[in-house]
Amino acid sequence: MELLCGRPASGEGRLAKEMRVYDLLDRLGIAYERTDHEPAMTMDDCMEIDRILELIICKNLFLCNRQRTKFYLLMMPGGKVFKTRDLSPLIGSSRLSFAGAEDMEKYLDITPGSVSIMGLMNDTENHVQLLMDRAVAESPLLGCHPCVNTSSLRLRTRDVFDIFLPAVHHDAIIVDLPEYPASV
């Protein structure tokens, strides 16, 4: 793996949804670095990717309410422990659970292991609310997948807030999730 500047030289062997991410970032004038790698399905798989990108890739959780009428994309530090009971009162939505793969595909055009803020570009009807842990929001750089888990991007967080989110007609709710020891 190596850190590369910008989009791949060719789209050969890449999914259309990945190439659409590069097209959008380029059209918006957002600078990014990229690394290509084996499929990263877990946070453990991301450790080497983190080293190459020189940051910690976010843990991205796709959540929904019990009725499956409200969907949330939660971005939080990779090593942070998540407990639904901490998030529910912060957003006024009880009984949160993980949304299914069919909803990921339907609203964000992504599959498990590829969950990413970049998927919001496919949510043209704003079914998904972005939630971002304060630690991620205040970090100068952000790591994410380009809607596939065989590449990872490094972007300036400010560009995400100032350019990307307005362009895809989404906003972020910043949440303060507590820190827990990893074994709890």
Side-chain angles (χ1 to χ4, degrees), residues 1-63 72-82 98-123 128 130-133 135-161 163-165 167-168 170 172 182:
M1 277 189 295
E2 62 181 313
L3 193 60
L4 305 163
C5 190
R7 70 186 304 120
S10 164
E12 187 175 328
R14 295 183 185 267
L15 295 177
K17 60 184 163 185
E18 177 184 5
M19 297 309 293
R20 285 193 313 265
V21 170
Y22 304 134
D23 291 344
L24 177 61
L25 294 175
D26 292 346
R27 190 171 69 248
L28 295 174
I30 297 176
Y32 58 96
E33 287 86 22
R34 182 190 94 253
T35 188
D36 298 324
H37 47 76
E38 293 299 314
M41 296 297 291
T42 67
M43 290 310 296
D44 286 339
D45 294 341
C46 291
M47 290 176 63
E48 178 64 10
I49 299 165
D50 292 354
R51 189 184 69 70
I52 298 295
L53 294 179
E54 298 176 339
L55 52 76
I56 296 175
I57 292 182
C58 297
K59 183 185 300 184
N60 295 278
L61 305 176
F62 190 54
L63 307 167
Y72 305 93
L73 172 59
L74 172 63
M75 298 177 70
M76 59 188 289
K80 202 169 203 179
V81 174
F82 173 68
F98 291 97
E102 65 280 355
D103 291 319
M104 282 183 204
E105 189 105 26
K106 178 180 178 181
Y107 296 121
L108 300 176
D109 191 20
I110 51 178
T111 56
S114 303
V115 180
S116 167
I117 190 172
M118 293 294 125
L120 293 176
M121 69 184 277
N122 301 311
D123 180 30
V128 180
L130 176 62
L131 308 172
M132 196 177 288
D133 185 80
V136 172
E138 292 179 350
S139 175
L141 297 172
L142 184 107
C144 65
H145 293 307
C147 294
V148 296
N149 65 354
T150 53
S151 291
S152 295
L153 305 176
R154 179 174 70 187
L155 311 129
R156 287 186 26 205
T157 306
R158 201 71 263 148
D159 288 343
V160 170
F161 277 104
I163 304 169
F164 176 77
L165 289 176
V168 298
H170 280 76

Non-hydrogen side-chain atoms of [X] and [Y] separated by less than 4.5 Å:
{"X": "H145", "Y": "N60", "result": "no"}
{"X": "C147", "Y": "D109", "result": "no"}
{"X": "I117", "Y": "F164", "result": "yes"}
{"X": "N122", "Y": "R20", "result": "yes"}
{"X": "I110", "Y": "S116", "result": "no"}
{"X": "D123", "Y": "L73", "result": "no"}
{"X": "R14", "Y": "D36", "result": "yes"}
{"X": "M75", "Y": "D133", "result": "no"}

Practice problem: Answer yes or no: does atom CD of E105 have more than 12 heavy-atom neighbours from other residues, nucleotides or ligands under 6.0 Å? | Solution: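 Yes, because the 6.0 Å sphere around CD of E105 holds more than 12 heavy atoms from other groups.
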Practice problem: Answer yes or no: is there a donor N or O on one side and an acceptor on the other, between the side chain of Y32 and the main chain of D26, under 3.5 Å? | Solution: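 No; judged by distance alone, with no hydrogens or angles, the pair does not exist.
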Self-check item: R154 side-chain N/O to E33 backbone N/O, donor-acceptor pair under 3.5 Å
Solution: no
What heavy-atom pair brings [X] and [Y] nearest, and what distance separates the two atoms?
{"X": "E2", "Y": "I52", "result": "C-CG2, 3.9 Å"}
{"X": "N149", "Y": "G113", "result": "CB-O, 3.1 Å"}
{"X": "A31", "Y": "D159", "result": "N-OD2, 4.4 Å"}
{"X": "S139", "Y": "T157", "result": "O-OG1, 2.7 Å"}
{"X": "V128", "Y": "Y72", "result": "CG1-C, 4.0 Å"}
{"X": "S151", "Y": "E18", "result": "OG-OE2, 3.2 Å"}

Spacing of [X] atom [atom1] and [Y] atom [atom2] [to the nearest 0.5 Å]:
{"X": "K17", "Y": "Y22", "atom1": "NZ", "atom2": "OH", "result": "12.5 Å"}
{"X": "I163", "Y": "R27", "atom1": "CD1", "atom2": "CZ", "result": "13.0 Å"}
{"X": "L141", "Y": "R156", "atom1": "CG", "atom2": "CZ", "result": "8.5 Å"}

Quiz prompt | R51 and M1: CA distance, side-chain angles, deciding distance, side-chain contact (heavy atoms from CB on, under 4.5 Å) verdict | solution = CA-CA 10 Å; R51 189 184 69 70; M1 277 189 295; over 6 Å; no
Practice problem: Would you please test D23 and R7 for side-chain contact (heavy atoms from CB on, under 4.5 Å) and show each step? | Solution: CA-CA 8 Å; D23 291 344; R7 70 186 304 120; 2.7 Å; yes
Exercise. Evaluate the side-chain contact (heavy atoms from CB on, under 4.5 Å) criterion for residues F98 and D103: first the C-alpha distance (whole Å), next the side-chain angles of each, then the deciding distance (0.1 Å), finally the verdict.
Key: CA-CA 10 Å; F98 291 97; D103 291 319; over 6 Å; no
